[in-house]
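Everything on this sheet refers to the single structure shown next.
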Amino acid sequence: MASIRRTLSPAFHGRSTQNGAAVFSSSPSNKLLHKHFPSSTSSTLLNLVYRRGWRRSFRRCLFFFLIGLLFGITPFGQMDADIRPKDFSSPDLRPPHVHLQSDDPIVSYVALGVNTQLEQHNEVTDSIEPLKQLIVVTPTYNRGFQVYFLNRLGQVLRLVKPPLVWIVVEEKTVSLETARILRKTGVMYRHVVSTRNSSDVKDRGVHQRNAALEHIELHKLDGIVFFADDDNVYTPELFESLRTISRFGTWPVAMLEQNKNKAIVEGPVCNVSRVIGWHTNEKSKRLRRFHVDMSGFAFNSTILWDPKRWGRPFSNPIRQLDTVKEGFQETTFIEQVVEDESQMEGLPPGCSKVMNWHLHLDIGNVVYPKGWLLEKNLEVTLPIK
């Protein structure tokens with residue numbers, strides 16, 4: 001009888017066939033099966049396992065796949081089918097609007113406090129008036145103490161609150177030495193030149209002050225004009241008090257006589273701020289109408305370029321005169337600004353305080369070296385032993 005042989009799967013590579021019967025190799029698992037079951041029974045069980053095991057696994061995988069697919073396509077909530085671009089716009093991050101009632105006591109208190117502070121701030125700003133500008137006029141010229149005088153005056157002006165402009169006037173030309181000094185002071189200044197020849201005038205500052213007056217009148221500078229000679233000594237309090245002047249102010253000045261052996265006071269005698277008389281100790285000056293030093297008065301600059309404001313009957317330019325005798329430049333100038341003492345204001349109240357001094361510290365015609373540099377050494381007074 002012919003035997004039928006069929007090809008086995010690789011899983012059965014461990015057995016061989018003899019005369020149509022399946023014979024298993026002696027592996028550990030086969031030995032265990034032969035121990036508990038006969039050879040025919042064990043071969044039947046193995047055939048069932050290998051034939052039906054893959055089908056059971058396939059069914060289980062298919063079952064769980066269908067369950068997962070069912071859960072995946074089943075909707076569990078409501079979804080808006082109308083998806084528009086507005087749905088993807090950025091969310092509004094502004095805080096919610098809070099409706100505050102005006103009758104709320106806390107809100108009313110806060111609003112009242114804010115309004116009160118604003119009203120107080122407006123009242124303070126309205127009550128603060130801008131400071132008047134000070135126009136300080138200083139004539140200067142080449143001499144040994146010039147750098148000392150200008151530096152001293154510049155340091156005082158630095159202590160004065162702005163606005164302040166310092167008009168420094170030189171003769172014939174602007175010197176680099178003076179310009180360098182003015183730049184270092186840190187004060188706002190204007191460097192002016194007087195082209196008039198002052199060699200035939202005893203008070204060389206006359207033409208220089210007139211040049212400054214022309215500058216003020218031409219540019220219509222608004223403020224209080226004060227003639228501050230560089231060889232005088234001033235207190236910062238004096239410059240602050242100048243801002244209280246309406247038209248014309250005056251105050252006493254302490255000075256040394258030319259021989260420097262006596263100190264005198266020249267200026268007004270006041271009843272509070274009203275001028276009622278004058279201090280003077282020089283018989284030769286008793287003929288003057290107003291006994292004031294050149295650094296002992298100040299006036300409003302609008303008198304120079306707006307005469308109608310002050311009711312001046314004539315519009316001739318106000319200038320210092322170089323034709324009068326020495327010592328009379330002050331009184332002849334003041335007579336062009338005011339009519340009498342009723343138009344003056346005494347500073348400080350009572351005119352009882354000296355705020356500047358005239359010391360006459362000039363050292364003759366000694367000039368400073370060019371650039372303040374000595375080209376050769378000074379002569380030795382005491383040799384080194």
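Since the model is a prediction, treat every value here as computed from it, not as a measurement.
The hydrophobic side chain of L176 is isolated, with no ILVMFWY side chain under 4.5 Å apart from it.
No option in N356, D231, D229 other than N356 meets the side-chain hydrogen bond (donor to acceptor under 3.5 Å, both in side chains) test with S295. Just one residue in the list L182, V192, V193 forms a side chain to side chain contact (heavy atoms under 4.5 Å, CB included) with V174, and that residue is V193. Screening Q146, E171, Q208 against T140 for a side-chain hydrogen bond (donor to acceptor under 3.5 Å, both in side chains) leaves a single residue, Q146.
Side-chain contact between V253 and W357: absent, with no pair of heavy atoms (C-beta onward) separated by less than 4.5 Å. With contacts defined as side-chain heavy-atom distances shorter than 4.5 Å, the pair R209/V169 does not qualify. Side-chain contact between K172 and T195 is absent, with no heavy atoms from C-beta onward closer than 4.5 Å. Side chains of L256 and I264 form no contact here, defined as non-hydrogen atoms less than 4.5 Å apart. For the pair P268 and M344, the minimum side-chain heavy-atom distance is 4.5 Å or more. Here the side chains of T235 and M355 are in contact, with some heavy-atom distance below 4.5 Å. Two residues are said to be in side-chain contact when any heavy atoms from C-beta on lie closer than 4.5 Å; V165 and L134 fail this criterion. Under the 4.5 Å side-chain criterion, counting only non-hydrogen atoms from C-beta, Q329 is not in contact with L321.
Under the 3.5 Å distance criterion, the side-chain polar atoms of N151 are matched with a main-chain donor or acceptor of V147. With R312 contributing its side chain and I303 its backbone, the two residues share a donor-acceptor pair below 3.5 Å. With R319 contributing its side chain and A211 its backbone, the two residues share no donor-acceptor pair below 3.5 Å. The backbone N or O of P163 sits nowhere less than 3.5 Å from a side-chain atom of Q133 that would complete a donor-acceptor pair.
When hydrophobic clusters are built by joining Ile, Leu, Val, Met, Phe, Trp and Tyr residues whose side-chain heavy atoms come closer than 4.5 Å, directly or via intermediates, L150 is grouped together with L238. In the hydrophobic clustering of ILVMFWY residues, with side-chain heavy atoms under 4.5 Å counting as a link, L213 and L164 come out apart. Note on V354 and V292: separate hydrophobic clusters, where clusters join Ile, Leu, Val, Met, Phe, Trp and Tyr whose side-chain heavy atoms are under 4.5 Å apart, directly or indirectly. Transitive grouping of hydrophobic side chains (ILVMFWY, heavy atoms separated by less than 4.5 Å) brings M188 and L221 into a common cluster. Cluster membership check: W310 shares its hydrophobic cluster with V225, using side-chain heavy-atom separations under 4.5 Å among Ile, Leu, Val, Met, Phe, Trp and Tyr.
Note: D293 CG to H358 NE2 = 6.0 Å, rounded to the nearest 0.5 Å. Remark: I135 CD1 to I216 CD1 distance equals 4.5 Å, nearest 0.5 Å. Here the straight-line distance linking atom CD1 of I224 with atom OG of S246 works out to 8.0 Å at 0.5 Å rounding. Rounded to the nearest 0.5 angstrom, K132 NZ and T244 OG1 are separated by 7.5 Å. A distance of 9.0 Å separates CD in Q320 from CD in Q336, rounded to the nearest 0.5 Å. From H191, atom NE2 reaches atom CH2 of W166 across 10.0 Å, with rounding to the nearest 0.5 Å.
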Full working for side-chain contact (heavy atoms from CB on, under 4.5 Å) between F63 and I67
CA-CA 6 Å; F63 174 74; I67 292 177; 3.1 Å; yes
Any chance you could lay out the side-chain contact (heavy atoms from CB on, under 4.5 Å) test for L359 and N232, step after step, and finish with the verdict?
CA-CA 6 Å; L359 303 179; N232 291 357; over 6 Å; no
Run the side-chain contact (heavy atoms from CB on, under 4.5 Å) test on L159 and V156 for me, step by step, so that the C-alpha distance in whole Å, both residues' side-chain angles and the decisive distance to 0.1 Å come before the verdict.
CA-CA 5 Å; L159 303 176; V156 175; 5.5 Å; no
Could you walk me through whether V275 and T250 pass the side-chain contact (heavy atoms from CB on, under 4.5 Å) test, one step at a time?
CA-CA 9 Å; V275 179; T250 183; 4.1 Å; yes
Check the pair Q155 / T185 against side chain to side chain donor-acceptor pair (under 3.5 Å), numbers first and verdict last.
CA-CA 7 Å; Q155 294 304 316; T185 59; over 6 Å; no
Salt bridge (Lys or Arg N to Asp or Glu O under 4.0 Å) evaluation trace for D230 with R143:
CA-CA 12 Å; D230 58 1; R143 62 196 191 279; 2.6 Å; yes
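K184 is linked by a salt bridge (charged side-chain N to carboxylate O under 4.0 Å, His left out) to nothing, counting only residues two or more places apart in sequence or in another chain. Residues that satisfy the ring pair (Phe, Tyr, Trp, His ring centres under 6.0 Å) test with H279, not counting sequence neighbours, are absent from this structure. Every ring pair (Phe, Tyr, Trp, His ring centres under 6.0 Å) that F248 has, sequence neighbours left out, goes to F297. Legend: residues meeting side-chain contact (heavy atoms from CB on, under 4.5 Å) with L218, ordered by chain and number and at least two apart, are absent.
The minimum heavy-atom distance between P252 and C351, with the atom names listed, is CG-O, 3.6 Å. Of all non-hydrogen atoms in P139 and G205, the two that sit nearest each other are CB-CA, 4.3 Å. Contact record, T138 with A228: OG1-O, 2.8 Å, taken as the closest heavy-atom pair.
By the neighbour-count criterion of 12 heavy atoms within 6.0 Å, atom CD of Q343 is densely surrounded, having more than that number from other residues, nucleotides or ligands.
Taking the six-membered ring for Trp and thresholds of 30 and 60 degrees, W278 and F290 have ring planes more than 60 degrees apart, a perpendicular arrangement.
Note: W251 and F226 meet the aromatic proximity criterion, with ring centroids under 6.0 Å apart. For F333 and F299, the gap between ring centers is short of 6.0 Å.
Checked for salt-bridge contact, R196 and D322 meet the test: a charged N lies under 4.0 Å from a carboxylate O. Taking the charged nitrogens against the carboxylate oxygens, R243 and E240 do have a contact shorter than 4.0 Å, which makes a salt bridge.
Applying the salt bridge (charged side-chain N to carboxylate O under 4.0 Å, His left out) rule to pairs touching residues 333-352 yields R289-E341, sequence neighbours excluded.
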